[in-house]
Amino acid sequence: MAGSGAAHLRDADDVVLSVRNLVVEYSGRRGERVFAVSDVSLDVRRGETVGLVGESGCGKSSVARAIMQLPAPTSGSVRMDGVELAGLKGGALRRQRRKLQMIFQDPISSLNPLRKVKDIIAEGLRVHGGVSKTDVAARTQDMIERVGLDPATASDRRPHEFSGGQCQRISIARAMILDPAVLICDEPVSALDVSVQAQIMNLLEEMKERYRLTMVFIAHDLAVVKNLSDRIVVMYLGKICEVGTSDELFASPAHPYTRALAQSIPEPDPEAPVQAAALSGDLPSPLNPPSGCRFRTRCPLAQDICAREEPEIRQVRPGRFAACHFPLDAQAAQPQLADAAAV
Amino acid sequence: MSIGAQPREIVADSPAASPGPLLEVQNLRVWFDTPRGLVRAVDGVDLRLRRGETLGIVGESGSGKSVLSRAVMKILAPNARVLPGSHIRLNDVDLATVSRKQNKHLWGVDLAMVFQDPMTSLTPVLTVGKQLTETLRYHLNLDRTAAHDEAVRLLRLVGIPEPEQRFHQYPHNLSGGMRQRVTIALAISCSPKLLIADEPTTALDVTVQHQILNLMRDLQEKSHMSMVLITHDLGVVAGRTDAIAVMYAGRVVEYAPTKRLFANMRHPYTRALIDAIPKVALPSHTRLASIPGRPPVIVDPPPGCSFAPRCPSAQQRCLAETPALEPDPQEPGHTSACFFPLGTTDGDAARKRNIAAGVTAAGTPVAAEVVL
Amino acid sequence: MTNLVQQRPGAGGSPGTALPSAPTATVPAAATPRRRRRRDIGAAFGAAWIAVVVLAAITADLLPLPDPNEVTNAFSAMPGSAGHLLGTDSIGRDVLSRIVHGARISMAVAIGATGIALVIGVTLGMLAGYFRGATDSAIGLFVNFTLAFPPLIFLIAMVTALQPGLVTLVVALALLGVPNFARVARANTIAFADREFVMAAKALGARPLRILTRELLVNVMLPIMSLALVVMATLVVAEGTLSFLGVGVPPPAPSWGGMLAAGRESLSDNPQLVLVPALFFFLTVFAFNRLGDWARGRVGRESSL
Amino acid sequence: GCGGSGSADGAEAGTPTKGGKATYAVNVEVTSLDPAVCAVQSFDRCAPIFGTLLRYDLDKKAFVGQMAESFDTTDGKNWTLKLRSGVTFSDGTPFDAAAVAFNWDRVKDPKTLSPAARSTQGMTWKVVDPQTVAVTLDKVNYQLPWTLVRGLSAIGSPTAIQKAGADVANSPVGAGPFVLKKWTRNSQIEYTRNPTYFEPGLPYLDALTIKVIGADDQRLNALRGGEIDVDWSLLTKDARAIESTGGYQIYRVPLVGGTGLQFNLKDPVVKDEGLRRAMLMAFDSAQINNAVYPGDQPVDQLLRPGATERDDALGKFPDKNLAEAQRLFDDYLRRTGKTAETVTFTCYAGLPALEQVAQLIQSQMQQIKGLTFKLNAVDGATLSSLSTKREFQTIMGATLSQELDRLYDVFHTDGALNVMGYSNPEVDTALELSRSSGKPEEVAAAYKEVVGELSNDGPLRTWRYQTGHLYVNKKIKGITVAGTNSGAGVYWQYAWRSS
Amino acid sequence: MTVSAAPPEANPKPRDGSKMNARALRGRAASVGRFFLLLFMVTVAVFLLLELIPGSPVDAILPQDATAEQIAEARERYGVDDPVWQRYLTWIGGVLQGDFGRSFQTGLSVSETIAERAPVSLEIALLSMIVALAVSVPVGVWSAYRPGRLLDRVSTFVISATLATPAFVLGIVLVYVFGVQLDLLPILGWTPFSENPAEHFERLVLPVLTLAAGECVLFTRLLKGDMMATLQQDHVLSARARGLPTWRILVRHALRQSSFSLVTVSGVVIGRLIGGTVLVEAIFSLPGMGTLVINAILSRDYIVVQAVVLLTALIYLLMNTLVDLTYPLLDPRVRKVRTA
Ligand SMILES: Nc1ncnc2c1ncn2[C@@H]1O[C@H](COP(=O)(O)OP(=O)(O)OP(=O)(O)O)[C@@H](O)[C@H]1O
Ligand SMILES: Nc1ncnc2c1ncn2[C@@H]1O[C@H](COP(=O)(O)OP(=O)(O)OP(=O)(O)O)[C@@H](O)[C@H]1O
Ligand SMILES: [Mg+2]
Ligand SMILES: [Mg+2]
């Protein structure tokens with residue numbers, strides 16, 4: 001699995017963000033290459049929420065940052081509303097960036113601890129200029145209110161006086177004040193308590209409706225991603241495994257990895273049977289990814305070909321794309337213990 | 001849970017037939033002196049755990065789960081203060097009375113702990129093997145080769161491939177899941193009677209989390225040890241525990257056998273917690289029932305139920321009085337700390353009142369839909 | 001430590017500073033009553049003492065004290081009396097007055113040199129830490145160069161080269177202080193530049209200068225200020241050492257180090273000539289250090305947020 | 001009694017015994033033990049190794065031969081140096097006329113950079129026979145023997161010097177009472193007895209150590225702590241302290257001149273006599289001594305009271321008189337049309353006592369309203385360079401010697417050390433006479449004249465009568481004191497340790 | 001610190017050795033280059049700095065009443081009229097051939113002079129380092145382990161007091177107390193080891209104490225701070241929870257990784273002590289490099305100053321390199337991944 005390819009891309013006019021053949025490599029401490037993202041393509045339609053799931057270190061954040069050009073990807077193209085971002089520099093890039101905003105995982109560290117909330121939120125307007133002082137103040141107040149904080153009490157406080165959920169609201173306000181076309185959320189709720197997580201998810205949902213926002217939503221919690229996304233992209237070790245609509249993807253995974261993920265989700269239901277571990281072993285190192293299909297080292301279905309040939313993403317079912325030599329069919333895909341044990 | 005555990009000696013002198021619980025925590029209060037004030041991290045907790053059972057402790061960040069577990073392990077930070085009147089009994093021995101020397105053989109031998117973050121809970125400067133053997137040799141008086149063999153056996157037991165090689169490696173050479181296996185191996189190395197696992201999988205990936213939880217369950221079943229499984233994820237405890245204690249702001253607000261708890265939540269917080277969790281089974285874009293407000297502040301808390309400000313059932317009484325953990329009259333073994341528990345007439349009435357008013361006694365707005 | 005390891009609240013924070021067991025994220029300070037904050041007596045004393053010394057230094061000329069250079073009587077090394085509270089020095093000058101005027105030099109050196117070193121060091125350190133790469137290498141080379149140069153030799157040579165005097169001293173000591181600030185500023189800039197709020201600022205389209213000044217500077221200044229206090233203490237000592245070695249501010253300008261050096265000759269006959277300036281030295285350095293400790297403690301707490 | 005002579009308070013007793021060692025401490029390290037250099041700069045370190053050709057006996061007030069047998073003249077121009085026969089250097093080579101000539105040639109050679117080079121000007125020498133050197137001067141100078149007590153006194157083994165090459169500073173070989181064992185720079189020099197020393201039975205001591213301890217108080221502490229046996233000092237107050245302790249012998253060597261306020265008479269401002277006189281009248285020696293050198297008497301003339309060459313009738317330093325000083329200064333301002341004047345005083349930095357003195361002088365001078373007296377404290381090297389180049393207005397200068405002959409170099413118009421640019425025809429004549437006359441009375445009269453004039457003019461205003469002190473542990477006997485430019489030295493061959 | 005959280009074994013095929021080696025080599029070449037560049041910069045800087053000092057060595061060497069020939073001779077010999085760069089080239093040329101020249105002042109070979117002086121400074125520096133470490137490690141460790149207890153309180157107090165007592169004050173006080181009042185120890189000077197070992201060390205006591213006091217304070221503070229942070233880490237708690245003996249936890253589990261700052265700073269301190277012994281050498285009249293260099297500066301004996309500065313810079317840089325090499329010993333995470 002875990003392959004390249006563009007079969008899942010759509011040719012529609014309303015594609016706002018289109019990412020092609022994205023490659024992100026870092027140089028590690030001793031000069032080795034870290035293959036964080038290898039040849040990932042995806043597209044996002046206007047008003048759509050694309051979820052990106054995968055385990056830690058699979059390159060989700062790298063994709064997000066590459067889209068933001070922070071830093072620019074090693075290679076590949078990122079188009080926003082038809083404008084190519086890769087290769088843009090200086091002022092031109094800065095102008096494009098306002099259309100593309102991001103919310104980070106850690107609500108605390110994504111806010112400057114020493115600035116007042118109103119300054120943090122107004123920063124975007126100030127950076128881009130052209131807005132009068134009173135306008136800035138008014139829009140800031142308005143935005144604070146929209147994310148569910150009280151402008152009167154919140155404006156002059158500093159982030160450390162707020163809880164994680166409130167900080168995340170401030171982050172959302174900061175991103176939204178520029179009226180971005182696309183909002184990238186890099187695990188915005190995984191640092192939050194369960195009780196607050198729901199507040200933020202509801203808020204994002206609300207914002208999306210209100211502003212017809214396009215979102216790329218990243219999380220490792222499948223349930224969270226599923227709840228917020230229209231389409232889900234599953235990643236494994238820098239590559240895409242499977243793409244499908246959120247309601248179907250986990251119900252009938254086509255890729256063995258997706259199935260394993262689905263099986264691993266603990267259900268808050270004492271009656272549900274505890275499943276045997278769906279996968280053995282850990283994520284291989286991105287320093288030296290396995291040949292062929294990157295998932296093969298842990299895949300219960302792996303065959304020789306998986307080591308030799310990298311699977312291309314292809315449509316396995318209508319609206320379902322997977323990069324696997326042996327995709328599961330809709331029935332076999334029902335999570336079952338037997339499969340794991342068979343290999 | 002596997003009941004018929006063979007009785008084994010716990011603390012040296014305790015009679016095997018001792019009918020009492022293995023672990024009993026009574027009115028535990030741990031406060032921290034901080035520059036900001038007195039942090040009441042654990043503020044009157046009562047718990048009981050029988051042999052061979054698994055107790056789940058759930059609660060949000062900061063609710064005092066870790067402090068509770070550390071208090072049991074006696075590894076609290078230097079600025080912690082365990083208030084008088086607190087009792088922790090392990091097999092009827094009050095841990096406060098155990099001398100430091102005896103303590104050493106209590107730790108590791110009777111009591112063991114697995115920490116949340118496998119990245120930091122192994123000593124980075126010692127090889128995996130050294131850490132295992134030093135523990136084995138110290139407690140079990142094994143010689144070098146015996147300790148080595150035992151260590152390798154343990155590594156194999158926790159599912160580490162090529163244990164002979166891993167033995168000589170440093171923690172940083174291992175992946176997160178692998179490290180957590182090593183910490184588990186360390187914890188069970190002297191066959192403890194009680195294993196406390198403080199969010200053992202929170203830092204791990206879902207697939208690995210699954211492996212580790214299964215491993216722990218298997219080990220527990222094999223060795224009949226008791227386990228305290230601490231987590232903030234109700235999903236984790238649902239299928240793997242015999243009983244669950246829900247903590248909020250340093251207190252246990254509800255305590256019941258797992259199935260009973262899920263079937264019949266008494267405390268509004270437990271209910272709200274469950275409802276706020278997104279579930280894969282639900283269709284996407286389902287609006288979640290969130291809990292209003294934010295987690296409580298436990299520095300010099302005001303009187304009253306600490307959940308009251310966020311509670312849809314809150315009444316005037318909740319603001320003034322602190323509810324005690326009381327057994328449910330209808331369900332023995334189910335206790336909750338609420339004046340207006342759900343599913344009781346009082347509770348339903350309180351809720352209705354608040355919905356009618358649109359606001360709770362604490363001033364929190366309530367919408368009808370919240371009350372599913 | 002990098003953020004590659006997925007973090008949960010409380011588990012993170014900057015390395016070494018945060019109490020790993022304290023998920024401070026859930027203890028918002030605003031909602032926390034501060035009234036219980038324990039007073040740090042040492043720091044309070046330190047602040048008071050420094051305030052007194054600085055005030056005395058500023059208003060030295062206005063205070064009802066004899067001229068520090070005036071030889072007030074034929075008898076020298078007198079112990080305290082009504083006219084001369086702390087007595088006179090070995091050539092009959094009022095010790096209190098010299099101490100007060102000497103405070104000027106100590107404070108001028110401590111504050112002036114620290115100030116200059118801070119400005120240069122922080123600028124260099126932040127540039128190095130933010131841009132990394134070649135800028136970092138070049139600045140690193142400079143910093144290492146300054147460190148490789150034996151400091152006392154540098155000072156003595158500098159002071160001998162340029163006429164000895166307050167300005168020379170301040171400049172020379174400032175140069176020596178630069179690497180300290182540069183290193184701390186660089187380390188903190190790197191730490192903060194990794195934080196997501198900097199990424200967010202970039203995402204908003206802010207220029208490097210804006211990021212450096214609006215987002216990073218204040219954050220870097222917190223640890224820098226606590227360092228500055230410690231550096232001030234060191235510089236008070238350094239000035240004394242130089243005076244002691246005879247390359248400090250030239251006479252007759254009163255300086256504490258000079259008084260110590262002069263009094264050293266009569267340690268056995270008139271120990272008070274050494275003990276009095278030594279006491280002031282002690283108190284001042286002590287005060288700076290206490291304040292530094294306190295500031296560091298605060299920064300530690302703050303940064304763990 | 002004290003002062004006046006180089007002898008100790010109290011009589012020597014007992015018969016000298018051989019053996020033991022002595023430790024002596026001084027305040028500065030020397031740079032070189034090259035005989036051409038060290039005889040001037042570091043007599044005390046040099047003399048044990050090389051001995052001196054002549055010695056000035058402080059009690060007899062006469063030159064006596066030491067390494068040399070005699071140094072005589074009939075006309076003050078032609079001199080004969082007679083050496084002893086059979087003396088050898090410690091490396092076995094003969095100590096003869098050729099060796100003397102070789103050493104003196106080295107002194108004269110500019111390449112040696114010898115500080116004694118100036119004294120060989122106008123002087124030629126010839127080896128007459130192995131025991132005789134004939135010396136000829138181009139001008140009469142009856143004071144010439146002084147140079148053989150000091151600058152030209154050290155004769156090293158030519159063989160050793162040639163062998164050492166560039167390392168000559170480090171490997172002295174002489175014929176003196178001791179030989180160098182080990183020189184740990186800035187710490188100590190260790191000597192052991194020279195078994196081939198010519199004076200029979202001498203030296204008494206087996207070993208001698210000279211330590212360098214910079215701080216006066218620490219030297220004193222070391223003496224009290226028994227770490228050293230003999231302490232060199234210029235401080236009278238230390239003498240007091242030691243006296244009160246008891247158990248130590250104190251030797252005092254009165255010196256000529258001292259450190260003082262020196263004027264640059266070529267400076268456009270300071271050359272004004274009225275201004276200078278005003279400053280001299282503001283000068284208060286008593287205050288300085290009280291504060292910095294307690295126990296020393298105030299200075300009112302170049303020579304101390306009781307000195308034979310002192311005659312108060314011929315001149316004294318002006319008495320302190322502030323009113324008069326102010327009057328003179330105002331007068332100066334009127335004459336020059338200025339409203340105020342600034343004079344800079346170049347002084348030592350880093351030497352606490354001298355810094356204090358400078359500050360006192362400053363405060364005294366500034367009692368004259370309108371006069372700003374600025375201190376320019378510099379390190380020693382800078383000070384001497386400024387002094388030599390005459391780049392100062394007033395400076396902390398010194399003339400310090402045991403003999404009055406030194407005044408010639410310092411105050412004669414053509415004097416090699418006349419950095420002040422001092423020129424007084426009467427002084428010049430008298431100084432010339434002091435050298436050209438062979439008659440002691442005439443010389444004494446000439447010196448009286450010189451001293452009187454100098455005191456009147458005050459080109460160098462000193463503040464205390466310098467006295468070299470030696471504080472000696474009573475165990476060490478037979479101390480024979482030498483006057484040196486730095487105070488007091490010891491002819492160590494006569495010293496012995498009583499058990 | 002951990003760059004890669006993944007195990008190396010996850011890579012089935014061995015690393016490309018040649019590529020790694022080339023990289024490593026380039027890295028090493030760069031650091032060696034930087035090392036020499038720094039040395040070069042330091043020597044140039046000293047030259048220029050000394051050039052700024054008014055007066056020339058000749059002024060200090062020549063007698064006050066020097067004759068014209070002597071002046072000409074000296075100026076010629078010491079090349080004071082040559083341009084700086086020419087003198088630098090001559091000097092560096094000599095140095096590269098191992099010839100540091102001869103002191104203007106003493107005429108001695110500079111390398112010999114330094115060979116004579118450096119051991120004194122080095123011995124003091126090393127001894128005081130050892131004393132400081134011997135005191136501060138146990139004190140630091142224990143007061144981190146039991147903060148607020150007696151030892152911690154006492155050491156905190158002593159630390160504050162010592163921090164505020166500059167070395168020159170401390171030195172004088174020690175001399176006064178031990179040498180003068182109590183008369184316990186010799187207070188000044190130097191006895192070579194070869195001469196009298198007992199006395200040699202007796203004389204070192206006060207200087208070493210004076211110097212060690214400051215370091216002690218620094219080290220204790222550093223170690224205590226780092227140690228306290230380490231002791232709060234999960235792995236230490238985990239070791240405690242396994243019931244291991246306290247000393248074992250402190251020493252084996254906590255000390256090593258808490259000593260990074262300590263090692264770094266001691267490296268730097270040792271490197272700088274050579275110049276830093278100036279003060280104690282001045283106070284206790286010791287024949288070390290500190291006094292040598294001060295005298296050399298004051299007498300414009302540049303050739304000595306240059307050599308000393310070069311040497312101290314070299315030692316400093318070597319120490320830093322050594323410290324870098326120590327890190328992997330302290331913490332295996334810094335070690336290169338083992339290639340099997
Ligand atoms: N700056 C960097 N330098 C070197 N390696 C990096 C860097 N950033 C990320 N990596 C590596 O790239 C890979 C992908 O990282 P990335 O942060 O994109 O993963 P992720 O899916 O967001 O993980 P997580 O769920 O932990 O946030 C990881 O192996 C990581 O170690
Ligand atoms: N050493 C300490 N000093 C001061 N306060 C502390 C300390 N340790 C813990 N606390 C406080 O005690 C409270 C409970 O902390 P605890 O670690 O038990 O929470 P938790 O339930 O384990 O949370 P998490 O899910 O984040 O691990 C928190 O508010 C925390 O700030
Ligand atoms: Mg990420
Ligand atoms: Mg916890």
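Note that the coordinates shown come from a computational prediction; the quantities given were computed from them, not determined experimentally. The sequence lines fix the lettering, A, B, ..., with proteins before strands; numbering per chain opens at 1.
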Inset, instruction - Quick one: pull up OG in B:S290 and CG in A:L203 and give me the separation to the nearest 0.5 Å. - result: 10.0 Å
Inset, instruction - Return each pair, listed once, that meets salt bridge (Lys or Arg N to Asp or Glu O under 4.0 Å) where at least one residue sits in residues 249-268 of chain B; pairs must be two or more places apart or across chains. - result: B:D43-B:R251, B:R266-B:D328
Inset, instruction - Please look at A:E209 and chain B and tell me whether the side chain, the backbone, both or neither of the residue comes under 4.5 angstrom of a heavy atom of that chain. - result: side chain
Inset, instruction - Against chain B, label A:L228 side chain, backbone, both or neither, depending on which of its atoms sit under 4.5 Å from a heavy atom there. - result: backbone
Legend entry - Interface moiety of B:I274 toward chain A, non-hydrogen atoms closer than 4.5 Å: side chain
Inset, instruction - Among B:L273, B:L213, B:T286, B:V208, single out the residue with the greatest number of heavy-atom pairs under 4.5 Å to chain A. - result: B:T286
Inset, instruction - Against chain B, work out which of A:D230, A:V196, A:T49 has the most heavy-atom pairs shorter than 4.5 Å and name it. - result: A:D230
Legend entry - side-chain contact (heavy atoms from CB on, under 4.5 Å) evaluation trace for B:K279 with A:I265: CA-CA 9 Å; B:K279 289 160 204 81; A:I265 305 169; over 6 Å; no
Legend entry - B:H210 and A:Q263, any side-chain heavy atoms less than 4.5 Å apart: no
Legend entry - Check: B:P283 main-chain N/O paired with A:D247 side-chain donor or acceptor under 3.5 Å: no
Legend entry - Closest contact, heavy atoms only, B:A238 versus A:D269: CB-N, 3.4 Å
Legend entry - Validation row: B:P278, A:Q197 side chains within 4.5 angstrom (heavy atoms): yes
Inset, instruction - Check each atom of A:N202 against the heavy atoms of chain B and say whether the ones under 4.5 Å are side chain, backbone, both or neither. - result: both
Inset, instruction - Give the member of B:Q211, B:R310, B:Q209 that has the highest number of heavy-atom pairs under 4.5 Å with chain A. - result: B:Q211
Legend entry - Considering all heavy atoms, the nearest B:D205-A:S56 contact: OD1-N, 2.8 Å
Inset, instruction - For the pair A:Q199 (side chain) and B:G293 (backbone), establish whether a donor and an acceptor sit closer than 3.5 Å, ignoring hydrogens and angles. - result: yes
Inset, instruction - Test A:R298 against B:T207 for side-chain contact (heavy atoms from CB on, under 4.5 Å), laying out the working first. - result: CA-CA 11 Å; A:R298 297 171 74 195; B:T207 55; 3.4 Å; yes
Inset, instruction - Over all heavy atoms of both residues, which pair between B:E60 and A:V194 is shortest? Give the atoms and the distance, please. - result: OE1-N, 4.3 Å
Legend entry - Residue pairs passing the ring-ring contact (aromatic ring centres under 6.0 Å, His included) test where at least one lies in residues 270-296 of chain B, sequence neighbours excluded: none
